[in-house]
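Worksheet for the structure shown next.
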Amino acid sequence: MKKAMILLCLSLLSTVTGGCWNLKEPNQLAIVIAGGLDANKDGRLVVSSQIAIPAGLNSQSTGASNNRSFVVVSALGKDFMDAGQNLQTQLSRSLFYAHRQTILIGQRMAEQGLAKQGIRRYLDMIVRNPKSEIRSVIWVVKGGEAKDILATKPTFDPLISTALSSIQMSLGMKPYYFREFLGDALKNGGAVLLPAVSGNSSGTKFNYSGAAVLNKENGLRLSGFLKPVESYYANWITGRQKMFTITALQSQGGSSISIRVKPLRNRIDIDKGPQGIRVHIRLRGSGDIVENNTLLDPSSAKDLQTIQNRLSKEAEQRVAKLIDLAQKQYKVDFLGIGELVHRKYPREWKSLQKNWNDTFITLPITSEVRIRYQDPGQTNAAI
């Protein structure tokens with residue numbers, strides 16, 4: 001009887017304490033805040049991690065000292081995990097990826113992909129590894145390497161992750177998370193647009209540089225970049241832009257007028273006729289006039305109509321150039337037209353999806369933009 005009671009107590013004790021033995025204390029962990037993927041000159045994978053230093057973060061919030069808030073470590077590897085194991089040899093704490101908020105991809109990595117499959121081959125680890133955070137936002141580094149951007153100290157924020165998120169919010173964009181990138185990348189046909197960041201020559205600052213175009217039919221390799229203003233219109237078409245400012249010149253080299261447009265609405269009509277699929281893009285926006293250097297008076301109905309027409313024409317020309325850029329220069333569908341064709345004509349999509357970009361560049365695509373004003377600002381005519 002006594003032996004049975006002892007065995008019962010030991011069994012209960014093992015049940016209660018068994019799940020806690022694998023836990024690690026915070027002072028045993030190296031918390032990864034951001035990760036970077038680069039290809040070196042030999043084409044080998046370089047993985048970098050930005051690791052938070054809690055003591056430095058606390059001192060920055062109180063202004064007590066100039067302690068570092070992070071450290072960046074890099075290592076070569078055959079794949080993610082191999083490089084991670086090599087990273088671990090440089091640290092006295094275990095790497096912890098569950099708080100990673102940002103993934104950066106260097107331009108060479110985006111162009112070469114390190115393998116025939118491009119960067120698609122690296123999607124597996126981020127999904128399969130239960131410690132990996134798929135809510136990380138993902139960016140491409142234009143004209144540089146991810147590890148250099150990770151080493152940059154932001155102006156206002158202690159870590160680059162919060163700084164990049166703040167940039168997107170201030171520019172009126174929705175953040176693009178890895179889980180969305182994964183969903184878009186695994187669909188057939190077209191391209192994925194990722195936000196781009198670039199550093200200055202001294203490596204001390206970084207700025208938003210537009211968007212990177214990754215061709216899904218070429219292993220998600222980089223096709224090129226959109227300028228910031230082009231990325232705003234592309235995001236407007238795809239529903240990822242919430243606000244931005246449109247400026248139109250009243251005359252060549254002369255006065256200008258600006259309107260901050262919010263909200264932005266988009267609608268893309270896909271129709272199939274005897275001549276095949278046709279696409280019509282409709283964009284609508286309304287907002288406040290935030291600068292007026294012209295002689296036009298928004299309180300005058302005639303001048304107001306002139307202002308709205310001029311701003312609408314400016315936006316329409318930008319959209320037309322963007323469509324031309326997609327169909328004639330990059331020759332990939334980064335406007336998300338393929339997914340809309342898939343939804344409306346799923347049967348036809350089965351035959352179109354394999355070489356969708358070849359079909360996309362031949363599509364007749366038209367567009368129209370209408371801008372309306374809500375508020376003239378503090379004054380009517382220009383001061």
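Along the sequence shown, the residues carry numbers beginning at 1.
- Here Ile160 contributes atom CD1 and Thr162 contributes atom OG1; the two are 9.0 Å apart, rounded to the nearest 0.5 Å.
- Each of Asp333, Leu220, Asn357, Leu222 was compared with Asn215 under the side chain to side chain contact (heavy atoms under 4.5 Å, CB included) criterion, and only Asn357 meets it.
- Side-chain contact of Glu291 with Asn293: a donor-acceptor pair under 3.5 Å is present, judged by distance alone.
- Using a 30° and 60° split on the angle between ring planes, Trp349 and His342 fall in the parallel class, below 30°.
- Put simply, CD on Glu314 and CD1 on Ile259 are 12.5 Å apart, with the number rounded to the nearest 0.5 Å.
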Quiz item: Can Ser136 and Arg100 be said to form a side-chain hydrogen bond (donor to acceptor under 3.5 Å, both in side chains), step by step?
Solution: CA-CA 6 Å; Ser136 305; Arg100 185 189 58 216; 3.2 Å; yes
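- Taking a 6.0 Å sphere around CZ of Arg282, one finds it holds more than 12 heavy atoms contributed by other residues, nucleotides or ligands.
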Quiz prompt | Audit row: Arg108, Glu145, salt bridge (charged side-chain N to carboxylate O under 4.0 Å, His left out) steps and yes/no | solution = CA-CA 8 Å; Arg108 186 185 293 125; Glu145 297 187 334; 3.4 Å; yes
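- Residues Val140 and Phe225 are in side-chain contact: their nearest non-hydrogen atoms beyond the backbone lie under 4.5 Å apart.
- Within 6.0 Å of CD in Gln85 there are 12 or fewer heavy atoms belonging to other residues, nucleotides or ligands.
- Test Val46, Val47, Asp148, Leu76 against Asp38 for side chain to side chain contact (heavy atoms under 4.5 Å, CB included) and you get one pass: Val46.
- Linking ILVMFWY side-chain heavy atoms closer than 4.5 Å, directly or via other members, places Ile167 and Met243 in two distinct hydrophobic clusters.
- Taken together through direct or relayed side-chain contacts under 4.5 Å among Ile, Leu, Val, Met, Phe, Trp and Tyr, Ile361 and Ile237 form part of one hydrophobic cluster.
- A heavy-atom distance below 4.5 Å is found between the side chains of Tyr176 and Leu194.
- One distance of note links CG of Leu325 with CZ of Arg318; it measures 12.0 Å at 0.5 Å rounding.
- In this structure, a donor-acceptor pair under 3.5 Å is absent between the side chains of Ser198 and Tyr208.
- In the hydrophobic clustering of ILVMFWY residues, with side-chain heavy atoms under 4.5 Å counting as a link, Met169 and Leu159 come out apart.
- You'll find the side chain of Ser286 stays beyond 4.5 Å of the side chain of Ile371, heavy atoms only.
- Evaluation of the side-chain contact (heavy atoms from CB on, under 4.5 Å) rule for Lys272 yields Ile277, Tyr345, Glu348 as partners, not counting sequence neighbours.
- Counting heavy-atom neighbours within 6.0 Å of Lys344 NZ, excluding the residue itself, gives a total above 12.
- The shortest distance between side-chain heavy atoms of Ile257 and Leu296 does not fall below 4.5 Å.
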Exercise. I would like to know whether Lys331 and Glu217 meet salt bridge (charged side-chain N to carboxylate O under 4.0 Å, His left out); could you show each step before the answer?
Key: CA-CA 11 Å; Lys331 299 183 179 180; Glu217 296 179 6; over 6 Å; no
Practice problem: Let me see the working for Arg284 and Glu368 under salt bridge (charged side-chain N to carboxylate O under 4.0 Å, His left out), right down to the final yes or no. | Solution: CA-CA 9 Å; Arg284 300 285 185 271; Glu368 62 172 290; 3.4 Å; yes
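- Atom OH of residue Tyr232 and atom CG of residue Leu226 lie 12.0 Å apart, to the nearest 0.5 angstrom.
- Annotation: Arg372, atom CZ; neighbour count of heavy atoms from other residues, nucleotides and ligands within 6.0 Å is above 12.
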Self-check item: Residue pair Thr247, Ser258: steps toward the side-chain hydrogen bond (donor to acceptor under 3.5 Å, both in side chains) verdict
Solution: CA-CA 4 Å; Thr247 299; Ser258 296; 2.7 Å; yes
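- Using bins of under 30°, 30° to 60° and over 60° for the plane-to-plane angle, the ring pair Trp356/Phe360 lands in the tilted bin.
- Arg135 CZ: 12 or fewer foreign heavy atoms inside a 6.0 Å radius.
- Annotation: side chain of Ile281 is in contact with side chain of Ile323 (closest heavy-atom distance under 4.5 Å).
- Shown here is Arg179, whose CZ atom has more than 12 heavy atoms of other residues, nucleotides or ligands within 6.0 Å.
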